[in-house]
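Report on one structure; see the data block that follows.
Only this structure's heavy atoms are used, side chains among them; waters, hydrogens and symmetry mates stay out. Just so you know, residue 1 is the first one in the sequence shown, and it goes up from there.
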Amino acid sequence: QLQVVESGGGLVQPGGSLRLSCAASGTIFSINAMGWYRQAPGKQRELVARITSGGNTNYADSVKGRFTISIDNAKNTVYLQMNSLKPEDTAVYYCNALLRRDRTDGVAYYWGQGTQVTVSA
């Protein structure tokens, strides 16, 4: 059974910080990349940040300079450090992992259940 589990969401004031974590566990042969997406009420899910196992990153323009994504390949875990949070960052944040479960399998995306981040005074 493969699981992708997020943690670290919560309520924070504008200008504050939060750190999200996401761990993939179970039968995993290799992970190509992991990423964070978010979905605000009434809006489509959007990419926040993505990182490959080799450390290459890309960010949404709206979070550049404020958010930092990192990966611990030994723990199959990705982190999202969010600083200078704004009310418009409020959303459910979802983690996904692009991985291969067996050396003969193709790669596939696996999603977590999401964690709520609320930025409000």
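- Closest approach of S17 and S84 over heavy atoms only: OG-N, 4.4 Å.
- Applying the salt bridge (charged side-chain N to carboxylate O under 4.0 Å, His left out) test to residues at least two apart or on different chains, none of the pairs has a partner in residues 25-35.
- Connection of M34 to Y94 is not established within any shared hydrophobic cluster, with ILVMFWY side chains joined at heavy-atom distances below 4.5 Å, either directly or through further cluster members.
- Proximity of S30 to I28: side-chain heavy atoms (C-beta onward) are nowhere separated by under 4.5 Å.
- To the nearest 0.5 Å, the span separating CG on L98 from OH on Y109 amounts to 4.5 Å.
- Applying the 6.0 Å contact sphere to CD of Q113 captures no more than 12 heavy atoms from other residues, nucleotides or ligands.
- Partners of Y37 according to the ring pair (Phe, Tyr, Trp, His ring centres under 6.0 Å) rule, which considers only residues two or more places apart in sequence or in another chain, are W111.
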Output side-chain donor-acceptor pairs under 3.5 Å for residues 73-82, partner residues at least two apart or in another chain, one line each.
unit_1 : atom_1 : unit_2 : atom_2 : d
N73    : ND2    : S53    : O      : 3.0
T77    : OG1    : K75    : O      : 2.8
Q81    : NE2    : N83    : OD1    : 2.9

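- Looking only at side-chain heavy atoms (C-beta outward), F29 and R101 stay at 4.5 Å or farther from each other.
- Looking at residues two or more places apart in sequence or on another chain, you find a salt bridge (charged side-chain N to carboxylate O under 4.0 Å, His left out) between R66 and D89.
- The stretch residues 17-103 participates, sequence neighbours left out, in these disulfide bond (SG atoms under 2.5 Å apart) pairs: C22-C95.
- Using a 4.5 Å cut-off on side-chain heavy atoms (C-beta onward), V107 and L99 make no contact.
- For V5, the side-chain contact (heavy atoms from CB on, under 4.5 Å) test picks out Q3, with sequence neighbours left out.
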Please set out all donor-acceptor pairs under 3.5 angstrom arising from side-chain atoms of residues 114-121, sequence neighbours excluded.
unit_1 : atom_1 : unit_2 : atom_2 : d
T115   : OG1    : G9     : N      : 3.3
Q116   : NE2    : A91    : O      : 3.4
Q116   : NE2    : T118   : OG1    : 3.3

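- Taking the side chain as every heavy atom from C-beta outward, V48 and Y93 approach each other to under 4.5 Å.
- With a 4.5 Å cut-off on side-chain heavy atoms, E6 and W36 count as touching.
- Other residues, nucleotides and ligands contribute at most 12 non-hydrogen atoms within 6.0 Å of the CD atom of Q44.
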Exercise. Are F67 and L20 close enough, and set up right, to give a side-chain contact (heavy atoms from CB on, under 4.5 Å), and what steps lead you there?
Worked result: CA-CA 11 Å; F67 291 10; L20 305 183; over 6 Å; no
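- When the side chains of ILVMFWY residues are joined at heavy-atom separations under 4.5 Å, either directly or via intervening members, V92 and L18 end up in two distinct hydrophobic clusters.
- Among residues two or more places apart in sequence or in another chain, the salt bridge (charged side-chain N to carboxylate O under 4.0 Å, His left out) test is passed with D102 by none.
- With sequence neighbours left out, K43 forms a salt bridge (charged side-chain N to carboxylate O under 4.0 Å, His left out) with no residue at all.
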Please output the side-chain donor-acceptor pairs of residues 57-65 that fall under 3.5 Å, not counting sequence neighbours, one pair per line with the distance.
unit_1 : atom_1 : unit_2 : atom_2 : d
Y59    : OH     : I69    : N      : 2.9
D61    : OD1    : K64    : NZ     : 3.1
S62    : OG     : R38    : NH2    : 3.3

